[in-house]
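First the structure, then my questions, so here it is.
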Amino acid sequence: MKRSVFRWFRDISIAKKLYFTVGIMALLIAIELVVLFFSINTLSSVRAYVGGEGLWSKAQKDGLYQMLKYARTHDEADYEKFQEYLKVNMGDHKARLELSKPDPNLDTVRQGFEEGRNHPEDVDGMIKLFRRFHSNSYIHRAIVAWTKADETILDFVALGRRLHEEINSPIHSPGGIDALLNQIDPLNDRLTPQEDEFSYALGEGSRWLEGVVLRLLFIVALTVECTGLILAITVSRGIQKGLTEILLASRAVKEGNYGRKARAYSADEIGTLANNFNSMADELYKLEQENQEVYSSLERKVRQRTQELESTNQELEQFAYVASHDLQEPLRTISGFVDLLKKEYREKLDGNGHIYLNYLSQASDRMKTLIKDLLDYSRIGREKKAMPVNCNNLLDEVIADLGKSIRESGARISTGHLPVLNAYPTELKLLFQNLVANSIKFRHPERAPEIIVSAAQEGGKWQFAVSDNGIGIERQFLERIFIIFQRLHSRTQYEGSGIGLAHCKKIVELHQGHIWAEASPGQGSRFFFTINKDL
Ligand code: ADP
């Protein structure tokens with residue numbers, strides 16, 4: 001039972017928990033107020049009895065005085081006054097008698113108390129006190145004292161009546177009146193302790209009641225405080241515990257741990273939130289999982305495609321190598337026979353024959369160059385290893401190799417501080433050589449070439465620049481020039497086969513970098529390339 005109430009409270013909504021807490025508090029405060037109201041009423045009724053006792057005692061004393069006066073004066077008016085005073089005591093007597101019955105007539109009781117000169121507003125409270133608490137030891141003692149005093153009062157009334165008869169008797173003797181008057185003192189002596197007992201019993205009763213009421217109020221107030229505190233702590237702990245769970249689970253999700261679920265301690269809003277959070281995390285997990293699958297399949301496809309491309313590339317390179325290598329042999333035969341023809345049949349040939357022979361010789365030379373270039377191209381990066389290369393030393397070698405054309409063109413080449421880096425030395429030298437040679441070859445007819453080679457660090461790469469003040473390149477050709485055998489000029493204008501920049505591109509890619517050009521026609525060109533630091 002206790003467990004199910006606890007579970008019920010745990011699972012109701014937070015709003016209901018708060019209503020419940022406030023409701024319980026309100027109920028306890030209402031109980032406290034009822035207790036207070038009841039206690040005040042009871043104490044006020046006790047006070048009414050104490051007041052009534054005062055009136056009762058005064059009426060008895062006044063009656064006694066009138067009786068003594070009547071004995072002296074024999075005036076009927078004094079006897080009537082005596083009777084009038086004792087009506088107060090008789091009224092209370094009437095009320096007590098009726099109240100002692102199991103089913104009292106409350107109108108008679110009310111009438112009795114009012115004759116006893118009690119305030120009408122106090123009467124109902126006095127009735128309730130008598131009926132509710134007659135078995136309480138203090139009230140019982142007071143009722144016993146009251147009953148005894150009532151009996152004495154009846155004796156008192158009877159004494160008064162006998163005095164009246166004696167005085168009005170035609171044969172009365174002064175001795176008879178004296179004998180009656182002598183009975184007053186013992187009666188009075190009996191009454192005084194009975195009145196005292198009544199007052200004491202009520203006084204003690206009211207003190208006892210005050211104590212009980214104070215204790216009761218204290219207990220109820222303490223219960224209100226404790227219940228409020230316990231409920232507030234229970235509710236806030238429940239909320240805090242649930243929220244901490246959700247917080248921890250969300251942190252785990254943030255770190256990629258989807259297995260850490262938020263425990264739902266209750267079925268209230270926090271518990272629902274925890275469950276919703278868990279399903280959200282599950283959804284998220286599935287979604288990532290799905291993404292992972294898509295990503296993996298994409299990765300697989302890319303890898304497959306790369307492998308395919310690499311093997312195609314290798315096949316092509318192999319083909320180019322084999323083709324150019326195998327072409328050399330028949331070409332050598334052709335140029336050998338061209339040389340023989342020139343040597344042995346020179347005289348037998350006419351003018352046209354000489355011209356054709358020259359064309360044949362030039363064409364076979366050109367084919368030799370093309371085949372050599374193609375062979376070089378297909379050899380780039382074959383079974384080579386990267387090693388530390390000092391670029392300044394490399395440039396010095398290039399400048400020495402190009403010494404003749406540098407001198408002839410009057411070119412000035414400046415190289416700043418270039419790095420030592422991990423690279424393929426032969427290929428890197430060829431790269432610089434091609435770029436510098438092009439800068440000299442495509443120089444402006446009106447000025448000597450000015451060539452600057454520089455390098456700078458860009459993230460994980462070195463970025464090189466070779467700039468010149470040559471003829472420049474039209475914007476639309478800036479990409480085409482890197483394609484093998486693509487040229488912008490005829491061979492009569494500029495020597496070359498159009499493979500130099502294709503070589504450069506292949507070498508740069510071997511160094512996991514890329515190459516591009518910027519240029520303005522008539523002003524100059526600038527070639528950039530990057531080289532990965534971690535080769
Ligand atoms: P080639 O030098 O044999 O013509 P390349 O591949 O080296 O072949 O160059 C391709 C083309 O790019 C050249 O024909 C030329 O038009 C252009 N080019 C290359 N370098 C420069 C340069 N420094 N200035 C102007 N044009 C250039």
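Note that ligands are numbered from 1 as they come in the structure, with each ligand's atoms numbered from 1 the same way.
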Pairs touching residues 325-338 that satisfy salt bridge (Lys or Arg N to Asp or Glu O under 4.0 Å), sequence neighbours left out | Glu329-Arg332
Cationic tip of Lys385 within the cone over Tyr424's six-membered ring, i.e. under 6.0 Å and within 45° of the normal?
-> no
Excluding sequence neighbours, so at least two apart, what forms side chain to side chain contact (heavy atoms under 4.5 Å, CB included) with Thr223?
->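 Expected list: Leu28, Ile219, Thr227.
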For the residue pair Ser45 and Lys128, confirm or rule out a side-chain donor-acceptor distance under 3.5 Å.
-> no
What residues sit with at least one heavy atom under 4.0 Å from ligand 1?
->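 Residues within 4.0 Å of ligand 1: Asn438, Ser439, Lys441, Phe442, Asp468, Ile471, Gly472, Ile473, Ile481, Gln486, Arg487, Leu488, His489, Gly496, Ser497, Gly498, Ile499, Gly500, Leu501, Ser525, Phe527.
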Quick one: does NZ or CZ of Lys505 land under 6.0 Å from the six-membered ring centre of Phe482, within 45 degrees of the ring axis?
-> no
Looking at residues at least two apart in the chain, or sitting in another chain, which of them share a side chain to side chain contact (heavy atoms under 4.5 Å, CB included) with Ile239?
->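 Listed in chain order: Ile14, Val235, Leu243, Ile270.
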